[in-house]
Amino acid sequence: MSPRSFALSLQSPPSKAHSLLVTGGAGFIGSNFVIQRVAGGTPVLNLDKLTYAGNPENLASIADSPLYTFVHGDICDAHLVARLLAEYQPSAIVNFAAESHVDRSITGPEAFLRTNIDGTFTLLQAARAYYETLTGEARDTFRFLHVSTDEVFGTLSPTDPAFHEDTPYAPNSPYAASKASSDHLVRAWHHTYGLPTLITNCSNNYGPFQFPEKLIPLMISNALAGKPLPVYGDGQQVRDWLFVEDHCSAIHTVLASGKVGETYNIGGNNQRANLHVVHTLCALLDELRPDSPYIPHSKLLLYVKDRPGHDRRYAIDARKIQRELHWLPAESFETGLRKTVQWYLDNPAWIESVTSGAYQHWIDQNYAQRGATS
Ligand code: NAD
Ligand code: TYD
């Protein structure tokens, strides 16, 4: 744990002015967001349980910044959350903390219900009590921003229009159902109690620090090691990809100027079939690793048994955030993917540190049951 880690006995916490309480800030998107906000001069208090997906190494570049404080704890711990709010008086809560992997939600849904539903409920109750203590400008500007996913909307056929903010919720996986539940709680806490909430529903992210259980980092990490690249089913499922730093800039935009009680869809208009993504990654690795013994990396591709209940297509209509808040992504899929592959090539020690021990257990459990279909 970093030397700046919080202890409950801490007498004089660092600067509180305009600080953000970020939950799940040691995970993939959370750590990118924390790094971005600290670089922008905002004090950040990061509350993270450090599950298998949380990694303090992601935040090594800012660990010693006076603007950054880490708290090792659980969003389900009502006493801890209330105490942090009272001590740090944050101007906003940004809730990233979640169990986030669909395949894990299929083999073990309990943790998803606990963190994603109970945890969000605990945060909302604590935020509500804290909000009642605020007066004047602090009360006017306080926000609770809940980070959610497009998976709450269910699945699309190839010709359906993209998800917009009014698309009915139809979650299909335990993960999506738990996130949908949490979104509904946030909505209700605004409607009933007047808590100044914001919700963002974003499409699939990729970029630095993504744990290699998800499609893109798993394929990069396996290809570098000469291991099979497991494509579920026919590989024609479509996801709408957004570079993680663009997601973080969108969250910042919504926090700064989103309308209280509203939801905003976030996406980069980059729909790609999984097979296309894997072939693009292989081509990038062939180019950037010309001395690899595994060229062409595409020969590592292996079709495996499909995911149960696999959503066929996600696509985000992001026109509301573009029109009302003037947010646009900076990266195209091609530029973002190149940066991502280069990041994994430049950080073999990071891959090494996250793919030992418990990770191997998950890989064995998830892929042993799938077998090869080609
Ligand atoms: P992640 O799995 O990489 O990170 C989750 C973080 O939350 C980890 O640091 C973990 O330690 C922490 N955490 C888990 N349970 C906790 C608890 N009970 N208390 C405190 N901390 C806890 O997830 P991610 O991919 O960074 O996703 C972050 C958020 O963004 C999630 O809410 C997810 O639903 C949402 N989202 C993700 C994507 C995506 O493509 N990854 C897309 C849209 C939305
Ligand atoms: P994933 O990264 O798990 O995100 P999500 O399920 O939340 O969209 O998976 C992205 C897509 O890639 C999804 O259609 C499942 C597919 N996939 C594979 O084909 N092989 C794999 O090994 C993994 C992890 C995912």
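Each ligand, and each atom within it, is numbered from 1 in the order the structure gives.
Taking every non-hydrogen atom of Lys214 and a distance limit under 4.0 Å, the qualifying atoms of ligand 2 come out as 2 (O). Close approach of ligand 2 to His310 is summarised as follows: ligand atoms under 4.0 Å from at least one heavy atom of the residue are 13 (C), 14 (O), 15 (C). Each of the following atoms of ligand 2 lies closer than 4.0 Å to a heavy atom of His101: 3 (O). For ligand 2, the atoms lying closer than 4.0 Å to a non-hydrogen atom of Pro230 are 18 (C), 19 (O), 20 (N), 21 (C), 22 (O). The ligand atoms of ligand 2 that sit less than 4.0 angstrom from a heavy atom of Arg239 are 8 (O), 13 (C), 14 (O). In summary, the atoms of ligand 2 found under 4.0 Å from a heavy atom of Leu218, numbered by their order in the structure, are 22 (O).
For the atom pair OG (Ser91) and CD (Glu137), the distance works out to 10.0 Å, reported to the nearest 0.5 Å.
Annotation: Cys76 places no N or O atom under 3.5 Å from an N or O atom of ligand 1; distance criterion only. Among the atoms of Ile29, some N or O lies under 3.5 angstrom from an N or O of ligand 1. Where the criterion is an N or O separation shorter than 3.5 Å, residue side chain and backbone included, Lys49 meets it with respect to ligand 1. The shortest N or O to N or O distance between Glu151 and ligand 2 is below 3.5 Å. The N/O atoms of Asn55, backbone and side chain alike, include none that comes under 3.5 Å of an N/O atom in ligand 1. For ligand 2, one of its N or O atoms has an N or O atom of Leu215 under 3.5 Å away.
By the 4.0 Å heavy-atom criterion, Tyr175 is counted among the residues contacting ligand 1. Distances from ligand 2 to the non-hydrogen atoms of Tyr175 include no value under 4.0 Å. Under the 4.0 angstrom criterion for non-hydrogen atoms, Phe211 is not in contact with ligand 1. Put simply, part of Val147 is less than 4.0 Å from ligand 1, judged by heavy atoms.
Both tests hold for Lys320 against Tyr264: distance to the six-membered ring centre under 6.0 Å, angle to the ring axis within 45°. Seen from the ring of Tyr232, Arg307 does not count as a face-on cation partner, given the 6.0 Å and 45° thresholds.
The part of Lys179 lying near ligand 1 is the side chain, judged by heavy-atom distances below 4.0 Å. Residue Leu50 touches ligand 1 through its backbone alone, judged by heavy-atom distances below 4.0 Å. Proximity of Ser31 to ligand 1, defined as any heavy-atom pair under 4.0 Å, is not found for any part of the residue. When heavy-atom distances to ligand 2 are checked against a 4.0 Å cut-off, Thr149 has no atom that comes that close, whether in backbone or side chain.
Under the 30°/60° scheme for interplanar angles, the aromatic rings of Trp362 and His101 are found to stand perpendicular.
Residues Asn116 and Ser178 bring a donor and an acceptor atom of their side chains to less than 3.5 Å of each other.
In this structure, Thr42 contributes its side chain and Val38 its backbone to no donor-acceptor pair below 3.5 Å.
Considering only heavy atoms from C-beta on, Ile266 stays 4.5 Å or farther from Ile316 through its side chain.
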